[in-house]
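Read through the structure below, which is laid out as structure tokens, and then see the notes.
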Amino acid sequence: MSFLAKAQQPDASGRIQHVTPESAGWRYVGFDAYLLKKGDTLRLSSGNKELCLVLVAGLASVKTRHAEFPGIGKRMSPFERVPPYSVYVPHDDEVEIVADSDLELAVCNAPGQGNLPARLIAPADVGVEHRGKGRNQRLVHNILPDDKPADSLLVVEVYTNEGDTSSYPSHKHDQENSENETYLEETYYHRFDPEQGFAMQRVYTDDRSLDECMAPYNRDVVTVPRGYHPVATLAGYNNYYLNVMAGPVRLWKFTWEKDHAWVNSDNYPRG
């Protein structure tokens, strides 16, 4: 099975990525990406899923059965590095998205069973943090972390400068009923500045029964069903990725790969 989904030309709805639990061979996470032209309308039914609509770039007006969020959006490129506008949509709902400008829209989904209302996640609601040191630094926007209400979804976006690493030291979250980890499937939606760039991402397990290295390009998706999943950027190209995670327990608990955990220590150079 391939863990790299290449971006496609937009279909009639503008969709360029379509990852489902069936296509990924797992149980929880779904992900779609759309490129809409100004004035386009996209209608979606959440069914038995909850959705998190992330305005990766552009402006939109969003309406559900019981809520309206007109004229949202601010950044016209993810590389402006300001938090995005997003909309949480519960299960058994209908949503209409009107592109108020050219729009790059991510639709994250996972099982939904609660009674949460639709809500706007504004930039001020997004937790911003800087992680790492030395060549392992990144900027993180916590859009839908585990301390904010949702049934299954966890959503975060990460910026990694050229030549740096992220999702590193290598860590994993693939054990159920563990004191140290939660089982979370994960997708990476990659973007690059300039757009012709690429990164290297490895997905592997301790016993190397899974050991795949991929070169995601702009708007490609990497799926991580289990194991470690570090990202390394290349000189000349800054990287952005949008992560979607979900599993049976909505909590992000992970363990480091022992060989590389020292990178977190004071022994790792800061310069």
Side-chain angles (χ1 to χ4, degrees), residues 1-5 19-21 23-31 52 108-111 127 129-147 150 152-160 164-190 199-216 220-233 239-265 267-268:
M1 169 179 277
S2 174
F3 300 104
L4 179 64
V19 176
T20 68
S23 70
W26 58 31
R27 292 177 282 164
Y28 296 95
V29 171
F31 178 81
C52 182
C108 320
N109 73 76
E129 59 179 311
H130 294 266
R131 296 180 188 163
K133 56 188 177 181
R135 299 258 59 91
N136 191 46
Q137 297 186 58
R138 58 272 197 209
L139 169 65
V140 178
H141 291 158
N142 292 300
I143 298 168
L144 195 56
D146 57 19
D147 62 351
S152 302
L153 280 171
L154 299 165
V155 182
V156 62
E157 58 181 19
V158 178
Y159 297 86
T160 313
D164 288 356
T165 57
S166 60
S167 289
Y168 190 78
S170 301
H171 67 276
K172 70 183 184 75
H173 37 74
D174 59 12
Q175 297 298 306
E176 297 191 52
N177 304 314
S178 165
E179 293 183 0
N180 301 313
E181 295 181 31
T182 45
Y183 172 85
L184 294 170
E185 303 157 356
E186 186 168 14
T187 56
Y188 281 68
Y189 176 65
H190 283 277
M200 303 304 295
Q201 184 161 13
R202 185 183 178 200
V203 179
Y204 64 103
T205 54
D206 284 312
D207 63 6
R208 303 302 191 263
S209 60
L210 170 58
D211 194 351
E212 299 288 337
C213 192
M214 292 151 281
D220 288 349
V221 170
V222 172
T223 59
V224 182
R226 63 188 186 279
Y228 307 106
H229 38 279
V231 175
T233 65
N239 173 241
Y240 159 98
Y241 53 75
L242 179 69
N243 283 143
V244 184
M245 293 181 283
V249 177
R250 190 173 177 266
L251 183 66
W252 186 48
K253 290 181 65 177
F254 59 88
T255 58
W256 306 108
E257 186 179 13
K258 293 179 180 179
D259 286 350
H260 309 304
W262 71 273
V263 175
N264 285 322
S265 74
N267 295 323
Y268 183 72

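Counting begins at 1 with the first residue of the sequence.
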For the [atom1] atom of [X] and the [atom2] atom of [Y], what is their distance to the nearest 0.5 Å?
X    : Y    : atom1 : atom2 : result
T20  : W26  : OG1   : CH2   : 10.0 Å
L242 : I143 : CG    : CD1   : 5.5 Å
D164 : R135 : CG    : CZ    : 4.0 Å
H229 : H173 : NE2   : NE2   : 3.5 Å
E185 : S152 : CD    : OG    : 10.0 Å
L153 : R250 : CG    : CZ    : 7.5 Å

Can you tell me if [X] uses its side chain to pair, donor with acceptor, with the backbone of [Y] under 3.5 Å?
X    : Y    : result
N243 : V156 : no
K172 : R226 : no
T182 : V249 : no

Exercise. Would D207 and S209 count as a side chain to side chain donor-acceptor pair (under 3.5 Å) if you check the C-alpha gap in whole Å, the side-chain angles of each, and the deciding distance to 0.1 Å?
Worked result: CA-CA 5 Å; D207 63 6; S209 60; 2.8 Å; yes

I need the minimum non-hydrogen distance between [X] and [Y], along with the two atoms involved.
X    : Y    : answer
P145 : L154 : C-CD2, 3.7 Å
A215 : D220 : O-OD2, 4.4 Å
R138 : T165 : CD-O, 4.4 Å
P169 : N136 : CD-ND2, 3.8 Å
V29  : A246 : CG2-N, 3.4 Å
V231 : A199 : CG1-CB, 4.2 Å

For this session: Only one of D206, T205, T255 passes side chain to side chain donor-acceptor pair (under 3.5 Å) with Y228; say which it is.
Result: D206

For this session: Evaluate the ring planes of Y189 and F31, with Trp represented by its six-membered ring, and classify them as parallel (under 30°), tilted (30 to 60°) or perpendicular (over 60°).
Result: tilted

Problem set entry | Parallel, tilted or perpendicular, as decided by the 30° and 60° cut-offs, for the rings of H260 and Y168 | tilted

Holding to side chain to side chain donor-acceptor pair (under 3.5 Å), I want the full list of residues that pass it with [X], two or more places apart in sequence or in another chain.
X    : result
S166 : T160, Y241
N264 : none
H190 : Q201, N239
E257 : Y204

Exercise. Is N177 atom CG crowded by more than 12 heavy atoms from other residues, nucleotides or ligands, each under 6.0 Å away?
Worked result: no

Problem set entry | Note, E186 side chain near L184 side chain (heavy atom, < 4.5 Å) | no

Seminar exercise, completed: For D259, the side-chain contact (heavy atoms from CB on, under 4.5 Å) test, sequence neighbours excluded, returns none

For this session: Please check if any side-chain donor atom of N180 sits under 3.5 Å from a side-chain acceptor atom of Q175, or the reverse.
Result: no

Problem set entry | Contacts of Y183 that satisfy ring-ring contact (aromatic ring centres under 6.0 Å, His included) - sequence neighbours left out | none

